[in-house]
Amino acid sequence: MKNEDSLVKKAYYEEKFLQGDLDDHPIRQLGELYLEEQKKDMADLSYIRFAQGEVYFHNCDYEAAIFKWENIHNELEPWAKKNIADAYFELGFLRTAEDIYKSISAESLILNTEVALQLFTLYLEQGKNEEADQMIKNAVAIHPDYQNVTELACAFFEERGDWNSAVELAVNEARRTKSPEWFQKLHSFIENGHTQLHGASHFVPILYLAQKVDPALFEKLMAALWKSHEQREDYLLWITEATIILLDSDLHTYKWKSLPELMNNTFIQLLSGKYYLTDLTEIMPNLLTAWLKIADFKTAPLAAAGVLAWNDVFPSQMNQKAVSSAEESLAESTNQGMLMEKIAGLAHAIQSWADEQGLNLHKRFEWSLQQLEDLNSRRVMIAGKSAGEKSSFVHLMLKQHSSIIDVSLPVLFKDGEETEFQLVTDEGTSAVTTSKEIIEAENLHDAMLVYSGPNAFLHGRDVAIIDYPEMDGLNENNRHFLEYVRMSDSLLFVLNTIEPFSAEECEFLLEVTERIPLCPVHFVLKKSGLLAPDKIADIGKRIKNYFPDAELITFSADGDDEKQQEAFSRFIDQQLRNVRNDRLRTGNMLFFIRETIKHLLQQQVKVEKELHGSIQFEEDLLSKLQGAIHQLYDVEEEKSKVIQNAYRSLKDEIRSDLLKTIPKLIKESADILREDSDFGNIHHVLNDEMNKRIDEYLQYTVHPTYISSLQDWISFAEGELNEAQELLIGWNDSFNELMGEEQIRLECDFQILADWQRDADRMTGAIQIDKENILLKRTPSQVLLKSAGKIFGVIPANNSMMYNRYKSFIENEDYSETAESIANKFFRQFELLEKAIPRDISLFFREPFKALKKSAASYQEQVDKNKAALSKMKSHPETFRDPVKLFDVRLRQLEWLEFQEKSSWQAGLRIK
């Protein structure tokens, strides 16, 4: 081995020949040895040549080194080849060096490792990362113990971001060497998120090994892997694997640091409403058993309560040995505190899940939980069967006018900078601004009025007063009484002065304390002439017989209000700072959470019913909207037809006049003929006259008539469009009434009337009609002699005959074609208006169409959404049922903790 080390360092010449003699230069010494060896009969110069090559290499004479090594043919030949490749590498002949490295075949692990490392370096030099990757992996596979080869490989993988290879290397080296450093390296990879592509079971073997190497490292690896899987799809599979490992572990003396709390968080996470029971029934028993096994002082009560809670809800799933162990553990555990915080956490989890599902929680319970969660605020409930005495006491304490608080519903008084009223009901919390709203609220069975305003008595004490209206027992009319008691930290019962602490009152309050055992009950008695001091003392004794911890407070309407308030204030401070109140509050919060869960269970039926109702309503409304759209198409078509027909009617009337009048005007133009007319040019003169008369007729008769008729047509169209708008206004109101809000606006675009009016105004100017070629097609001779076939210039002129013949021709010719041509030219100027009528009518109705179609699309989307939700609810009832069931498990865990804390507290009282 030592010899191979020298070969690696190219120091064979020192070890073999120089033996520490460095007085002369190695080249000289080796040269002398070479000459001596050469003189021998059986000279073997190979070893000296090999050594000389090393010296030449160290002195950068690579060509001489190569020459020496090329002549080595003994056992050093593989090393010589490797050295030759090294020399070519130094000279920059990388391809030659690569070929030589690849040609080396040897049994030496060290040599093969060195060759792999050299090729690794060579490929890095060339930027061939894939080849370099393969070479460093080869080096690790050949000789992982070789001088820092695994560290080099790990650094290479990290630099390239090849985390899979880096992780595999760390796992293999941890398994092979059992060195804590490699376990630490693996831990760093996990913590930095470099193991995301590895399955949940991939690290199971190395975790079992880590238990034996170092339990602390094992816990660190487990915790890191646990956290890395939390957001992965295989999280539940990881929990399965992890809990099996923990159940198999034999680390009884090890003090766990992070895993117990991590498992607590996992328990809460799994019961947050994101998972179904089918996902959890297989893994939860093992998780709870493993958690109980490794739980520390802080989490032992949580684990034990978790086991018992799961067993309560799913009694057939938990191992009874684990259940017995949990019972023992919980009984032996001590109060760890923070129960209120854990209860609030459950309340928030239920709220978040309900919000995601679009469910409405019981708002009054939700409000009550928020009040109880506020540890800085305290509430005292004042109740009694005599409204007058109770009101007198409340008025005295708060110095409030009776008109403010004399209502037949519970009122909560609290200090505030400004006077405000709020109404709290099962549906939610709303501001109250009028006395009418308070009066209407008295008819609600679940309403509570919250009065906030400046109050000297409440100010600075963080105390609120609940004034419960007159009652006659725990019957249907007062079924919410216990809920308000559970909102309070103490109950003050105002006794009837006529028969104080009657049997009926006693029985009623015993029933209250039976249902809420920790609720402090105290009594208030108004002094009167009927109650002597000894009688009051006797009442106090009778109260103590049934309520040993109760106090009796007396007040007088004639007493000093300030002193009575101070005495009452001291009493409240003393009572509300008692540790018993913390126990009471946690129990009350658990009560409201259980009631909330009950409410949620009822919500499924309610939600299904509401979805059915919503779908029916939305489909009916959608049908009406779609019907309105089709009807609007009919209205548009009808209005377009009516308005177009009206326009065509005025056009046809004017055209008819044109077709009758123009031929008449042309014929009448013959009156300009005279016997002495120049018949050689008369056809030009007549044609001009005819066009002139036609133009005057068009400009001064037809055009004004058209413009006047167009105004009438616009007025007619306006009436028709107004009629359509009135129809749409009726639809608009009907739809918005059905929708319950101003959701749709069916407003037409009357701009088209302004556009038509603008076009009409533009047409009032003179019109331009090209002259018509009426007579120029025929010369006078053609007119006169067309039947004879003679040319005009051949016969002698006869003006009288020509006059008569020409006049007769003009008066008897058919001018309908000419009239048709002129009419077409006249109306051609107004074609754009006529052709635009259908488009303009379409623009008029465009916005109503848009509004109806948009609303229909919205309701169609809502129908589809609700149908999908209803289908999912029916086909997958576990979507709703399972989370509520799991919330019940978590509630039972907290109830077990509350029971344990209450038992510990009561045991402490007994010891005292």
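All residue numbers in this chain count up from 1 along the given sequence. Quick note: numbers below take in every heavy atom, side chains included, and nothing from hydrogens, waters or symmetry partners.
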**Student:** Does the side chain of Thr299 come under 3.5 Å of the side chain of Asp296 through a donor N or O and an acceptor N or O?
**Tutor:** yes
**Student:** More than 12 non-hydrogen atoms from neighbouring residues, nucleotides or ligands closer than 6.0 Å to CD on Glu507, yes or no?
**Tutor:** no
**Student:** Could you tell me if the side chain of Leu271 sits less than 4.5 Å from the side chain of Gln893, heavy atoms only?
**Tutor:** no
**Student:** Will you find, in the side chains of Gln269 and Asn265, an N or O donor that is under 3.5 Å from an N or O acceptor?
**Tutor:** no
**Student:** Hey, can you tell me if His522 and Phe571 have their rings parallel, tilted or perpendicular (30° and 60° cut-offs)?
**Tutor:** perpendicular
**Student:** Kindly assign one of parallel, tilted or perpendicular to the pair Phe523 and Phe493, based on the angle between their ring planes and the thresholds 30° and 60°.
**Tutor:** perpendicular
**Student:** Will you find, in the side chains of Gln422 and Thr429, an N or O donor that is under 3.5 Å from an N or O acceptor?
**Tutor:** no
**Student:** Does the gap between the ring centers of Phe592 and Trp367 come in under 6.0 Å?
**Tutor:** no
**Student:** How long is the span from the CG atom in Leu270 to the CG atom in Leu886, to the nearest 0.5 Å?
**Tutor:** 9.0 Å
**Student:** Can you tell me if His599 uses its side chain to pair, donor with acceptor, with the backbone of Glu595 under 3.5 Å?
**Tutor:** no
**Student:** May I ask you to check if Lys414 and Tyr451 form a cation-pi contact, with NZ or CZ under 6.0 angstrom from the six-membered ring centre and within 45° of the axis?
**Tutor:** no
**Student:** Quick check: does any side chain N or O of Glu505 sit under 3.5 Å from a backbone N or O of Phe501, one acting as donor and the other as acceptor?
**Tutor:** yes
**Student:** Going by heavy atoms in the side chains, are Trp353 and Ser272 under 4.5 Å from each other?
**Tutor:** no
**Student:** How are the rings of Tyr468 and Tyr484 set to each other: parallel, tilted or perpendicular (split at 30° and 60°)?
**Tutor:** tilted
**Student:** Is a donor on one side and an acceptor on the other found under 3.5 Å between the side chain of Glu418 and the backbone of Gly453?
**Tutor:** no
**Student:** Taking side-chain contact (heavy atoms from CB on, under 4.5 Å) as the criterion, tell me which of Leu449, Val450, Asp467, Ile466 meets it with Phe413.
**Tutor:** Asp467
**Student:** When you measure from the side chain of Ser333 to the backbone of Leu330, do you find a donor-acceptor pair of N or O atoms at a distance under 3.5 Å?
**Tutor:** yes
**Student:** Do the side chains of Lys363 and Glu366 get close enough for a salt bridge, i.e. N-O under 4.0 angstrom?
**Tutor:** yes
**Student:** Is any side-chain heavy atom of Glu898 closer than 4.5 Å to a side-chain heavy atom of Leu339?
**Tutor:** yes
**Student:** Got a salt bridge between Asp489 and Arg585, using NZ or NE/NH1/NH2 to carboxylate O under 4.0 Å?
**Tutor:** yes
**Student:** Within the distance-only criterion (no hydrogens, no angle test), does the side chain of Trp291 pair as donor or acceptor with the backbone N or O of Pro260 below 3.5 angstrom?
**Tutor:** yes
**Student:** Going through the distances and angles, do His348 and Glu373 end up as a side-chain contact (heavy atoms from CB on, under 4.5 Å)?
**Tutor:** CA-CA 11 Å; His348 295 161; Glu373 188 181 342; 3.1 Å; yes
**Student:** As a quick check of understanding, evaluate side chain to side chain donor-acceptor pair (under 3.5 Å) for Asn496 and Glu499, giving each step before the final call.
**Tutor:** CA-CA 6 Å; Asn496 185 347; Glu499 189 182 355; over 6 Å; no
**Student:** Please assess Glu420 against Ser452 for the test side chain to side chain donor-acceptor pair (under 3.5 Å), listing each intermediate value before the final yes or no.
**Tutor:** CA-CA 5 Å; Glu420 294 177 335; Ser452 175; 4.8 Å; no
**Student:** Is there side-chain contact between Cys519 and Val485, with heavy atoms separated by less than 4.5 Å?
**Tutor:** yes
**Student:** Under 3.5 Å, side chain of Arg379 to main-chain N/O of Met487, donor-acceptor pair present?
**Tutor:** yes
**Student:** Apply the side-chain contact (heavy atoms from CB on, under 4.5 Å) test between Ile382 and each candidate in Leu491, Val524, Ile465; give the one that qualifies.
**Tutor:** Ile465
**Student:** Do Arg364 and His480 come within less than 4.5 Å of each other through their side chains, counting heavy atoms only?
**Tutor:** yes
**Student:** Without swapping roles, check the side chain of Asn588 against the backbone of Arg486 for a donor-acceptor pair under 3.5 Å.
**Tutor:** yes
**Student:** So do Ile343 and Leu891 actually touch side chain to side chain, heavy atoms under 4.5 Å?
**Tutor:** no
**Student:** Please determine whether the number of non-hydrogen atoms from other residues, nucleotides or ligands lying under 6.0 Å from atom CD of Glu282 exceeds 12.
**Tutor:** no
**Student:** For the atom pair CG (Leu308) and CD (Glu327), what is the distance rounded to the nearest 0.5 Å?
**Tutor:** 5.5 Å
**Student:** So, does Lys293 use its side chain to make a donor-acceptor pair with the main chain of Leu246 at under 3.5 Å?
**Tutor:** yes
**Student:** Would you say Lys257 has more than 12 foreign heavy atoms packed within less than 6.0 Å of its NZ?
**Tutor:** yes
**Student:** Looking only at atom types and distance, does a side-chain atom of Asp415 sit under 3.5 Å from a main-chain N or O of Asn455, one as donor and one as acceptor?
**Tutor:** yes
**Student:** Enter the distance from Leu292:CG to Leu247:CG here, rounded to the nearest 0.5 Å.
**Tutor:** 10.5 Å
**Student:** Mind checking whether Phe365 and Ile593 have side chains closer than 4.5 Å, heavy atoms only?
**Tutor:** no
**Student:** Any side-chain heavy atom of Leu492 sitting closer than 4.5 Å to one from Ile553?
**Tutor:** yes
**Student:** Has the side chain of Lys385 got a donor or acceptor atom that lies under 3.5 Å from a matching backbone atom of Leu495?
**Tutor:** no
**Student:** Is the Phe393 ring parallel, tilted or perpendicular to the Phe555 ring (thresholds 30°, 60°)?
**Tutor:** tilted
